[in-house]
Structures are given as structure tokens and as C-alpha cells.
Chemist: 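Please see the structure below; I have some questions.
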Amino acid sequence: MSGVPQELDKAMLDLAARVALRGMGYVEPNPMVGAVIVRDGRVIGLGHHRRFGDLHAERDALKNCRERGLDARGATIYVTLEPCRHFGKQPPCTDALIEAGIAQVVYAVDDPHETSGGGSGVLRAAGISVRKCEASTAAIRLSEPFIKRIRTGLPWIIAKWAQTIDGRAATRTGESKWISNERSRRRVHQLRARVDAVLAGFGTVAADDPMLTARGVHVRRKAKRVIIDRELNIQADSKLVMSAGTEPTLIACSKDLIVADIVARQREALEAAGVTLLGVPEDLGRLHLPLLFATLMEKCGVSSVLVESGPGLLGALFELDLIDEAVVYVAPLLLGDEMAKTVASGRVASSLTEGRRFDLLRARRLGDDVELVYRRRREA
């Protein structure tokens, strides 16, 4: 019987995490949060943070409980993130839990925010039993993007690519359409529709002339298109520039070019088309990528970035350890050509210990393709 409470904790926090995912793309820059109210092992209320500015998960779960004609007094609530204690767009969740007569709060992750964190202490002072429980990996992983943003000032960065069985992203001539199947490509459009920015390098733009927009899916967030073009070489007749009047488009270039006379005409043409230029300092012949991401978050409101780039930029991002999550589509195709394009390049790794380690979160079959989702390995 001793294992039953822990099994219940895990099951309920897992459920809270699944419910919370319904808010992805709607709640950012707030965290995704889920809550489950339980009495005698039975769920009597479910809730999640549905949209930025709306009810937090705890209040949503209490509302759901009341709508079922049930009373939460004396019940236990499981929450993926420590209940907040501050007045923001919503009043403190701690107040709602105290007023509802909740007897016990079980949460997975401490709130790292200076103003909203510390709700557990408020609840204990009110006589409510509070436990932090790390039984649910799903609940812990759910809050990682929010925690990273608070602690580092950087957005959550997701790398996406399609590859063959032998890890090639294109043939030796650069042909890559289409390695993945239609179902996989639809999943990519869904990803684009849930992030704040889609980022690519100039090489990808020059080779593929992409739109980088979400098409054929419900759009939860209208992503900004961010192009890293250090020397400002993008063509005025590219699809990205031609559509910049209706699709938010940012081009990150060398800070020196923002005022250089030599590209004045190019700057004027891009800005007239609706492009926003971001000047970024250089670092060893490349734009300073951490500064770029910090700028995107601080000045452009970008809390999540989907990277769809070639091997050079992807390799640089991995080298700087900037990738938080990788979404990989593996197609049932083998090239066997050592000159075919790799997924990432430019790093020097003479031993396996110099590689970047990731944890596999989930695997999903999409027809004959497989979607693999990895997360940066958590520190022990």
C-alpha cells in the first residue's frame, strides 16, 4: 500500500501536464499550467491556463468543479507549477485555494519568478498541507520553457529537421524536397502555428526561397519570421521580402550595416517592403547568437523560436548549447553517400563526450515517418 500515494501523485500530475498542453501557443509568455482536483482518488475538477490573461489553472479547475455541482472543500489539488501569490492579470491563486477550502496542494515545480514564486509558504501559513512532488517527469518538463525564460532572459529554442535513416538532410547537390511525408510536414506547420518566431539562415533562404508561414492548420500564434543575414544579401524579390507587408519579417544583420552607406539602398528597399532590421554585434565572423535571442525576447516579445536552418547555423547553435528541444522527422530512406548534406556541421568532436546529449521525450509514427522529440539533458 505504501506505493499507492506515489502512484496517485504521478498519475494526477501526469494528467495535469497533459491538460496543460492544451494551452500551448495561447498562454505564452506565461507558463503552461494544469491542475487536477481529487477527492478519495476521484477527479472532481480539471483546469488549465487557457489563454494569456485568462484564469490560471487552479481557478479554472475550481470553476470546473463548481460546474459539476461539486465542492472542493477538503480535497487535494495537483498543480504542475507552484501556485502564484501575486496580483497580475489575475488575482493570486493562493487566495482562491484558501477560499475554496482546499486541504492539500501537491505541485511539481517551484515558481522561479521573483514576484509570483513562494506561494507554497502562503498556503502553509493558511493551514493547508503542501507537498512538492517530482514523481511526474511530464509535469517537470512542462515548465522548463518558462523557467529558462525567467532565469536566462532567453527564449525557448526548438530545432526542427527532417533526415534520412543515415542522418542526411539533403543530397550532395542540396536536394531535400521532400525527405519527409505530408503528415510530417503538416506537423511542422502546426509547430509554426504555436511559436513566436520561425528562424532560418540566409543560406536556407537563398536555396529554398521559403515562406516560413503556417499553412493549412489552425494558427494559435502568428510567428515572426527571423532571418539571419549577416551581410544583408537577401533578394528583394524573395518570397519573404515580397510578403513582409502582411507577414511580420525581421532580418538580423551585422550591427555595422545598420548605418553603413554601402548598403543604404538595400536597407531602404527592405524597410519599404515592411522588413524590420535588427543590428547584432558580431562574434568571430558570425552574428552573436545569444545576443540575438536575448534581443528577440526583450524587444520583440519572442518567448519561443522554431529553428529551420541548414547544417552550418544548426551546428553553431549546438556548439553554443542554445538548443533546448529538437523535433526530428526520420524518413524511411537511406542515401549511403558520404557527400550528402549532414544535419549539423562545423563542430569538432573528437570523442563521444564532446557531443550534446539529449533525452528522448516521445516517439510518434506518422505514416512511414517517425517523429522524435528530444529535450536538452537535465542536469543531475
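Keep in mind it's a predicted model, so treat the numbers as computed, not measured.
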Chemist: Determine yes or no for a side-chain-to-main-chain donor-acceptor pair under 3.5 angstrom, with Arg364 supplying the side chain and Arg362 the backbone.
Modeler: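 No, because the side chain of Arg364 does not come within donor-acceptor range (under 3.5 Å) of the backbone of Arg362.
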
Chemist: Checking Thr249 against Arg225: is there a side-chain donor and acceptor pair closer than 3.5 Å?
Modeler: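 Thr249 and Arg225 do have a side-chain donor-acceptor pair below 3.5 Å.
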
Chemist: Could you list the residues that satisfy salt bridge (Lys or Arg N to Asp or Glu O under 4.0 Å) with Asp283, not counting sequence neighbours?
Modeler: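 With sequence neighbours excluded, Asp283 shows a salt bridge (Lys or Arg N to Asp or Glu O under 4.0 Å) to no residue whatsoever.
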
Chemist: Whether the side chain of Asp209 engages the backbone of Lys239 through a donor-acceptor N/O pair (distance < 3.5 Å, no angle test) should be reported.
Modeler: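 Side chain of Asp209 to backbone of Lys239: a pair is present.
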
Chemist: Strictly by modelled atom types, are Asp237 and Gln235 linked by a side-chain donor-acceptor pair under 3.5 Å?
Modeler: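 No, Gln235 and Asp237 have no side-chain donor paired with an acceptor closer than 3.5 Å.
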
Chemist: Return the minimal non-hydrogen interatomic distance between Leu333 and Thr164, and the atom names on each side.
Modeler: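 Smallest interatomic distance, heavy atoms only, reads O-CB, 3.0 Å.
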
Chemist: So does Glu7 pair up with Lys10, basic N to acidic O under 4.0 Å?
Modeler: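 No, no charged N to carboxylate O under 4.0 Å.
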
Chemist: Keeping Lys224 on the side-chain end and Cys300 on the backbone end, is there a donor-acceptor pair under 3.5 Å?
Modeler: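 Answer holds: yes.
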
Chemist: Counting only N and O atoms by type, is there a donor-acceptor contact under 3.5 Å from the side chain of Arg267 to the main-chain atoms of Ile258?
Modeler: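 Such a contact is found between Arg267 side chain and Ile258 backbone.
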
Chemist: Between Val330 and Val373, is there a shared hydrophobic cluster once you connect ILVMFWY residues whose side-chain heavy atoms come closer than 4.5 Å?
Modeler: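 Unlinked, Val330 and Val373 end up in two clusters.
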
Chemist: My understanding is that only residues two or more places apart in sequence, or in another chain, count here; which of them pass side chain to side chain contact (heavy atoms under 4.5 Å, CB included) with Val219?
Modeler: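 Val219 satisfies side chain to side chain contact (heavy atoms under 4.5 Å, CB included) with Ala193, Ala214 once adjacent residues are dropped.
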
Chemist: For residues Val130 and Tyr107, determine if any side-chain heavy atom of one lies less than 4.5 Å from a side-chain heavy atom of the other.
Modeler: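 Sidechains of Tyr107 and Val130: in contact.
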
Chemist: Filter on salt bridge (Lys or Arg N to Asp or Glu O under 4.0 Å), then keep only pairs touching residues 294-311, sequence neighbours left out; what's left?
Modeler: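 Sorted pair list: Lys160-Glu308, Arg192-Glu308.
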
Chemist: Which residue pairs satisfy the salt bridge (Lys or Arg N to Asp or Glu O under 4.0 Å) criterion with at least one member in residues 20-48, sequence neighbours excluded?
Modeler: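 Salt bridge (Lys or Arg N to Asp or Glu O under 4.0 Å) check on residues 20-48 returns Glu28-Arg221.
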
Chemist: When you measure from the side chain of Asp71 to the backbone N and O of Arg73, does any donor-acceptor pair fall under 3.5 Å?
Modeler: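 Looks like yes, one N/O pair under 3.5 Å.
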
Chemist: Does the Glu282 side chain pair with the main chain of Ser254, one donor and one acceptor, at a distance under 3.5 Å?
Modeler: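 Answer holds: no.
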
Chemist: Report yes if some heavy atom in the side chain of His113 is under 4.5 Å from a heavy atom in the side chain of Cys84; otherwise report no.
Modeler: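 A side-chain contact is absent here, since even the closest heavy-atom pair is not under 4.5 Å.
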
Chemist: Side chain to side chain donor-acceptor pair (under 3.5 Å) with Arg124: which residues, sequence neighbours excluded?
Modeler: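 Scan of Arg124 (side chain to side chain donor-acceptor pair (under 3.5 Å), adjacent residues dropped) gives none.
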
Chemist: Main chain of Asn181, side chain of Asp369: is a donor-acceptor contact present, judged purely on distance under 3.5 Å?
Modeler: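 The answer is yes, because a donor-acceptor pair under 3.5 Å joins these two groups.
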
Chemist: Would you mind telling me which of Arg59, Glu58, Gln104 makes a side-chain contact (heavy atoms from CB on, under 4.5 Å) with Leu97?
Modeler: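 By the side-chain contact (heavy atoms from CB on, under 4.5 Å) criterion, Leu97 pairs with just one of Arg59, Glu58, Gln104: Glu58.
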
Chemist: If you look at every heavy atom in Arg230 and Leu287, which pair is closest and at what distance?
Modeler: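 So the two residues come closest at CG-CD2, 3.8 Å.
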
Chemist: Strictly distance-based, threshold 3.5 Å: is any side-chain N or O of Asp368 a donor or acceptor partner for the main-chain N or O of Pro332?
Modeler: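 Checked: no pair found.
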
Chemist: Can you tell me which residue among Ile157, Leu292, Ile158, Leu306 is in a side-chain contact (heavy atoms from CB on, under 4.5 Å) with Leu199?
Modeler: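 Testing each of Ile157, Leu292, Ile158, Leu306 against Leu199, the sole residue satisfying side-chain contact (heavy atoms from CB on, under 4.5 Å) is Leu292.
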
Chemist: So does Phe318 get a backbone contact from the side chain of Arg356, meaning a donor-acceptor N/O pair under 3.5 Å?
Modeler: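 Checking the backbone N and O of Phe318 against the side chain of Arg356, a donor-acceptor pair under 3.5 Å is found.
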
Chemist: Enumerate the residue pairs fulfilling salt bridge (Lys or Arg N to Asp or Glu O under 4.0 Å) with a member in residues 242-260, sequence neighbours excluded, ordered by first and then second residue.
Modeler: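 Every pair satisfying salt bridge (Lys or Arg N to Asp or Glu O under 4.0 Å) with a residue in residues 242-260: Lys222-Glu247.
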
